[in-house]
Amino acid sequence: MKTHMGTDGNFREYEAETQGFKAAKRKIRTASAAVLLALAFALSACGGAGNSGSGNGDGGGAGGGGETGAEDTEYVFKIASLNTSATSLDSASVGLAKGFFEEEGVILENAGDISVPQYTSALLQGSLDAILLMTSDGVAAIDNGADIVSIAGGMDVTEEKPHMIYVVLEDSPLQYGDDISGKKVGIAGLGGCLAGFPLEYARQIGVADPKGELELIVSPENTLVDSLRAGTYDFVGLHLLPEQLETIYPGTRILFTDYDLFGDKGGDIDWYVKRSLAEENPDAVRAFVAGVAKTNNWINENTEEALEFYKGLPAEVNEEFYHTAHFAEDGLLYEDHIQTWIDLFSTGTNIQELVNKDLTPADVFTNEYNPYYKQ
């Protein structure tokens, strides 16, 4: 989406249209610049840490059982905001602390703060060589010609740990399946999860023109519930687990989650690299993917220890907001998860519309660099 942010701290109304797509214009009210906490939780495109990988040495190839065997090889991967993430998406920091990347000959270096909306451009320009993107945003970028490819799964979704929850006040008349035409939706950005989920919810419950019937209002995520209570919105989207809602925001309830819409297929955040990097430095990518896979598995098996690690990061966040997400087992990617967003963008009712009607999951992802992958 191309939006214009107000600078006076007040809501302002602008015309917004999907950049690079022939989508119908609609009015979106946008809040001024979000505070750091809101960025950390909203994550716009819902990506997390970004990685850059440049291989040095002769490179150990992938081995069985997830080992690359690269004892004497070092691959440098620059990470955006390493060890500063305020959310559980910062799995790379966990892998660094536990030594999983070091075991694969991968050195993680902090590339400094790079805003999430700039991840793809930073990747293409070479400032970063691998990034985390919401699957929807990866599909959209590739559909628009970005020469990137997903090489490993990051955060995935379970019923207990969805990507997002959309909530109403406890006494709201809105129930799951009710018509939401004309409703005001508070979201923290216009990425695939933030805007794409409510638009798909509207389509699934029978709203004929979701983009025309819903009013999407962008504001920092840490202000959304207060504004919901004030009557600004009818429902809002939050990056929280269902079990956290009552404690953090009493008097609210869940209207729907992304798991209600897609099961485990719609809320993934995956690792992407430039396709040329993968082709020219396959051993570096294999080593990095092996580190990701080990990290994912350890977090899933040691959620409490991982949670304590996140709480120790230098981020000014109330402790109750921390949670441990679920991560893709073995770092594997799945064709039907990618196809979910290709299909969604083919409906003409979502935040973006497919440009390349022949786009397939094979254009978006590969497991060929994953030592755990078995054909």
Side-chain angles (χ1 to χ4, degrees), residues 45 47-63 66-85 89-116 118-133 138 146-155 269-299 309 313 327-328 330-333 365-372:
N51 280 57
S52 166
S54 56
N56 302 308
D58 297 327
E67 298 295 335
T68 61
E71 294 93 348
D72 300 323
T73 306
E74 291 184 347
Y75 305 108
V76 178
F77 279 75
K78 298 175 185 175
I79 307 295
S81 305
L82 182 65
N83 280 330
T84 60
S85 173
L89 300 184
D90 190 10
S91 57
S93 295
V94 177
L96 173 64
K98 298 300 295 184
F100 297 136
F101 289 100
E102 183 179 4
E103 290 172 3
E104 302 299 331
V106 173
I107 297 174
L108 300 184
E109 292 184 353
N110 190 358
D113 292 336
I114 297 177
S115 65
V116 176
Q118 300 303 314
Y119 274 9
T120 300
S121 61
L123 178 67
L124 293 172
Q125 293 166 6
S127 302
L128 300 170
D129 289 326
I131 57 174
L132 279 169
L133 287 179
D147 193 24
I148 64 177
V149 61
S150 181
I151 43 83
M155 192 194 88
I269 296 178
D270 302 324
W271 288 99
Y272 288 77
V273 300
K274 290 174 66 174
R275 191 175 291 273
S276 59
L277 171 69
E279 293 173 349
E280 295 168 10
N281 298 280
D283 292 332
V285 175
R286 288 190 187 99
F288 177 73
V289 172
V292 168
K294 290 180 178 181
T295 301
N296 288 3
N297 293 345
W298 184 87
I299 293 175
F309 173 84
L313 295 178
F327 289 83
D330 295 335
L332 291 169
L333 296 159
F365 88 105
T366 179
N367 281 312
E368 67 177 288
Y369 304 103
N370 193 320
Y372 291 91

- Task: Can you sort out the partners of Asp270 under side chain to side chain donor-acceptor pair (under 3.5 Å), two or more places apart, ordered by chain and number?
- Result: Thr135
- Message: Tell me whether the rings of Phe100 and Trp298 are parallel (<30°), tilted (30 to 60°) or perpendicular (>60°).
- Response: tilted
- Does any non-hydrogen side-chain atom of Phe288 lie less than 4.5 Å from one of Trp271? yes
- Partner set under side chain to side chain donor-acceptor pair (under 3.5 Å) for Ser276, not counting sequence neighbours: none
- Please name all residues satisfying side chain to side chain contact (heavy atoms under 4.5 Å, CB included) with Ala278, sequence neighbours left out, ordered by chain then number. Val273, Val285, Tyr369
- Query: When rounded to the nearest 0.5 angstrom, what is the spacing between CE in Met155 and CG in Asn296?
  - Reply: 11.0 Å
- Task: Check Leu124 against Lys274 and note the closest heavy-atom contact, atom names and distance.
- Result: O-NZ, 3.5 Å
- Return the minimal non-hydrogen interatomic distance between Leu132 and Gly154, and the atom names on each side. CD2-CA, 4.4 Å
- Message: Using 0.5 Å steps for rounding, measure from the OH atom of Tyr75 to the CD1 atom of Ile107.
- Response: 11.5 Å
- Query: What are the two closest heavy atoms between Lys78 and Ala111, and how far apart are they?
  - Reply: CB-CB, 3.9 Å
- Message: Ignoring hydrogens, what is the shortest heavy-atom contact between Leu133 and Ile148? Give both atom names and the distance.
- Response: CD1-CD1, 4.3 Å
- Item | Side chain proximity check, Glu104 to Lys294, heavy atoms < 4.5 angstrom | yes
- Item | CG-CD1 distance between Leu123 and Ile131, expressed to the nearest 0.5 angstrom | 4.5 Å
- Do the non-hydrogen side-chain atoms of Val76 and Glu109 ever get within less than 4.5 Å of each other? yes
- Query: How far does CZ of Arg275 sit from OG of Ser150, to the nearest 0.5 angstrom?
  - Reply: 10.0 Å
- Item | Minimum side-chain heavy-atom gap Phe101-Val292 below 4.5 Å | yes
- Of the non-hydrogen atoms in Thr295 and Ser91, which two are nearest, and what is the gap between them? CG2-O, 3.2 Å
- Query: For Tyr372 and Leu332, which heavy atoms make the closest approach, and how far apart are they?
  - Reply: C-CD2, 4.4 Å
- Any side-chain heavy-atom pair from Asp129 and Asn281 closer than 4.5 angstrom? no
- Message: Test of understanding: with side chain to side chain donor-acceptor pair (under 3.5 Å), list the residues that count as partners of Asp330, not counting sequence neighbours.
- Response: Asn297
- Taking only residues two or more places apart in sequence, or in another chain, which ones meet Glu368 in a side chain to side chain donor-acceptor pair (under 3.5 Å)? Thr366
- Message: Within this structure, what is the CD1-CG distance for the pair Ile114 and Leu128, rounded to the nearest 0.5 Å?
- Response: 4.0 Å
